[in-house]
Undergrad: 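Just dropping this structure here.
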There are 2 protein chains.
Amino acid sequence: MKNRLKVLRAEKDLTQGDLADALGVSRQTVNAIEKGKFDPSLPLAFKISRLFEQPIENIFQFEMEES
Amino acid sequence: MKNRLKVLRAEKDLTQGDLADALGVSRQTVNAIEKGKFDPSLPLAFKISRLFEQPIENIFQFEMEES
DNA sequence: AATTTTTGTAAACTACACTTGACATTTAAA
DNA sequence: TTTAAATGTCAAGTGTAGTTTACAAAAATT
């Protein structure tokens, strides 16, 4: 699953640590999601969505073959 | 997290088993999600979204206090 | 160039999404 | 009203999201 986190984060001038704090997760979790190591849970995806004021579908791009 | 699965399923006249097959998950998983026992993973939420041709936000309603 | 901040990554752990199998209860059909 | 289909739920297991701690590498500051 691809995502636009790095760009969105840059637009708001946030470090991975800043974003992690804002979301209430660890910095490693933000890093892992940003690098595509794993997908966020649905609740976390919603929090990210609200923080960046964009629909989930606009932040995460799911492709069917991924599973 | 609330969801409109039961209604959406009724609109398409699908049983929990039908939906499970269409999504590639077990019937118990569909039942548990529908009853709010747990949240779907983000990939599964995307599959549900595509199947019902509605954005995730229109199917699942996240409220901040949930976590 | 030296220091600080940020990012990447790893291991070991916890929590929960999802599985199979099984059975009881409710709803619909014959 | 008896049978079948659909739903609810439980237990025990697997896989992955997310944790903490820790350290190395890269990027930005001074």
Side-chain angles (χ1 to χ4, degrees):
Chain A
M1 177 133 43
K2 293 196 172 178
N3 69 78
R4 296 182 50 243
L5 272 187
K6 193 169 184 175
V7 171
L8 293 172
R9 200 163 55 73
E11 284 176 0
K12 292 213 170 187
D13 196 31
L14 297 172
T15 67
Q16 290 181 349
D18 291 337
L19 180 54
D21 289 346
L23 295 170
V25 297
S26 71
R27 184 181 64 79
Q28 287 81 347
T29 291
V30 168
N31 183 276
I33 292 171
E34 191 168 310
K35 302 221 86 191
K37 288 198 174 184
F38 54 70
D39 303 320
S41 66
L42 185 55
L44 182 50
F46 266 106
K47 286 185 194 168
I48 294 170
S49 170
R50 291 204 175 162
L51 187 63
F52 290 113
E53 297 173 306
Q54 293 191 36
I56 291 174
E57 289 85 349
N58 208 7
I59 301 176
F60 297 95
Q61 285 88 39
F62 175 71
E63 281 309 323
M64 214 51 183
E65 67 268 11
E66 292 179 33
S67 179
Chain B
M1 177 131 44
K2 293 196 173 179
N3 70 77
R4 297 181 50 245
L5 273 187
K6 193 170 182 175
V7 171
L8 294 172
R9 199 163 55 73
E11 284 176 1
K12 293 215 172 188
D13 196 30
L14 297 172
T15 68
Q16 290 182 350
D18 291 338
L19 180 53
D21 289 345
L23 295 169
V25 297
S26 71
R27 183 182 65 80
Q28 287 85 342
T29 291
V30 167
N31 183 276
I33 293 171
E34 191 168 309
K35 301 222 86 190
K37 289 199 172 180
F38 53 72
D39 302 320
S41 66
L42 186 54
L44 182 50
F46 266 107
K47 285 185 195 169
I48 293 170
S49 169
R50 293 204 175 163
L51 187 62
F52 291 113
E53 297 173 306
Q54 293 189 36
I56 290 173
E57 290 85 350
N58 208 10
I59 301 176
F60 297 94
Q61 285 87 40
F62 175 71
E63 281 310 322
M64 216 49 185
E65 67 267 12
E66 292 179 34
S67 179

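Proteins come first, then strands; the chains are lettered A, B, ... in the order of their sequence lines, and each starts at number 1.
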Undergrad: Please determine, for the side chain of A/Q28, which listed nucleotide (D/dA17, C/dA10, C/dT19) has the closest atom?
TA: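 Between D/dA17, C/dA10, C/dT19, the one nearest the side chain of A/Q28 would be C/dA10.
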Undergrad: Could you check whether any side-chain N or O of B/K47 sits under 3.5 Å from a backbone N or O of B/G24, counting only pairs where one atom can act as donor and the other as acceptor?
TA: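 Absent.
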Undergrad: Using a heavy-atom cut-off of 4.0 Å across all strands, would you classify A/T29 as base, sugar-phosphate, or nothing?
TA: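 Counting heavy atoms under 4.0 Å across all strands, the contact made by A/T29 includes a base.
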Undergrad: Give the rounded distance in Å between these two atoms: NZ of A/K6 and P of D/dA26.
TA: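 Distance, rounded to whole Å: 14 Å.
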Undergrad: Could you check how far CD of A/Q16 sits from C1' of C/dG8, rounded to whole Å?
TA: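 Checked: the CD to C1' distance equals 8 Å.
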Undergrad: Do the side chain of A/D39 and the main chain of B/S41 share a donor and acceptor less than 3.5 angstrom apart?
TA: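 Absent.
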Undergrad: For a quick check, tell me whether the side chain of B/R27 and the base of D/dG8 share a donor-acceptor pair closer than 3.5 Å.
TA: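 Answer yes: a donor N or O sits under 3.5 Å from an acceptor.
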Undergrad: Which of these nucleotides, C/dT7, D/dT9, C/dG8, is closest to any side-chain atom of B/K35?
TA: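 Among the listed nucleotides, the one closest to the side chain of B/K35 is D/dT9.
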Undergrad: Just compare D/dG8, C/dA17, C/dG8 and give me whichever is closest to any side-chain atom of B/F38.
TA: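 Selected nucleotide (nearest to the side chain): C/dA17.
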Undergrad: Can you tell me the distance, in whole Å, between the CZ atom of B/R9 and the P atom of D/dA6?
TA: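 Distance, rounded to whole Å: 10 Å.
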Undergrad: Hey, does A/F52 have a side-chain heavy atom less than 4.5 Å from the side chain of A/L19?
TA: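 Counting from C-beta outward, A/L19 and A/F52 do come under 4.5 Å.
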Undergrad: Are the side chain of B/D18 and the backbone of B/T15 linked by a donor-acceptor contact shorter than 3.5 Å?
TA: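 Side chain of B/D18 to backbone of B/T15, a donor-acceptor pair under 3.5 Å: yes, one is there.
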Undergrad: Could you tell me whether A/T15 contacts a base, only the sugar-phosphate backbone, or nothing, with contacts defined as non-hydrogen atoms closer than 4.0 Å?
TA: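 A/T15: backbone/sugar contact only, no base atoms under 4.0 Å.
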Undergrad: For the side chain of A/L44, counting heavy atoms from C-beta on, which of D/dG18, C/dT9, D/dT7 is nearest?
TA: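 From the listed options, D/dG18 comes nearest.
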Undergrad: Tell me: CD1 of B/I33 to C1' of D/dG8, nearest whole Å?
TA: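 Going from CD1 in B/I33 over to C1' in D/dG8 covers 15 Å.
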Undergrad: How many whole angstroms separate atom CG of A/L19 from atom C1' of C/dG8?
TA: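 A/L19 atom CG is separated from C/dG8 atom C1' by 16 Å.
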Undergrad: Answer yes or no: does a side-chain N or O of A/S41 lie under 4.0 Å from OP1 or OP2 of D/dG18?
TA: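 For A/S41, the contact criterion (side-chain N or O under 4.0 Å from OP1 or OP2 of D/dG18) is met.
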Undergrad: Between B/E66 (side chain) and B/M1 (backbone), is there a donor-acceptor pair under 3.5 Å?
TA: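 Side chain of B/E66 to backbone of B/M1: a pair is present.
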Undergrad: Over how many whole Å does the gap from B/L23 atom CG to C/dA17 atom P extend?
TA: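 Atom-to-atom, B/L23 to C/dA17, this comes out as 16 Å.
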Undergrad: What's the CG-P distance between A/N31 and C/dT6, to the nearest Å?
TA: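 Interatomic distance, CG of A/N31 to P of C/dT6: 14 Å.
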Undergrad: From C-beta outward on B/S26, which listed nucleotide comes closest to its side chain: D/dT9, D/dG18, C/dT20?
TA: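 Out of D/dT9, D/dG18, C/dT20, the nucleotide with an atom closest to B/S26's side chain is C/dT20.
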Undergrad: By nearest atom, which of the nucleotides C/dT19, D/dG18, C/dT7 is closest to the B/V25 side chain?
TA: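 Side chain of B/V25 sits closest to C/dT19.
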Undergrad: Expressed in angstrom and rounded to an integer, what is the separation of A/L42 atom CG from C/dA15 atom C1'?
TA: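 Value for this atom pair: 16 Å.
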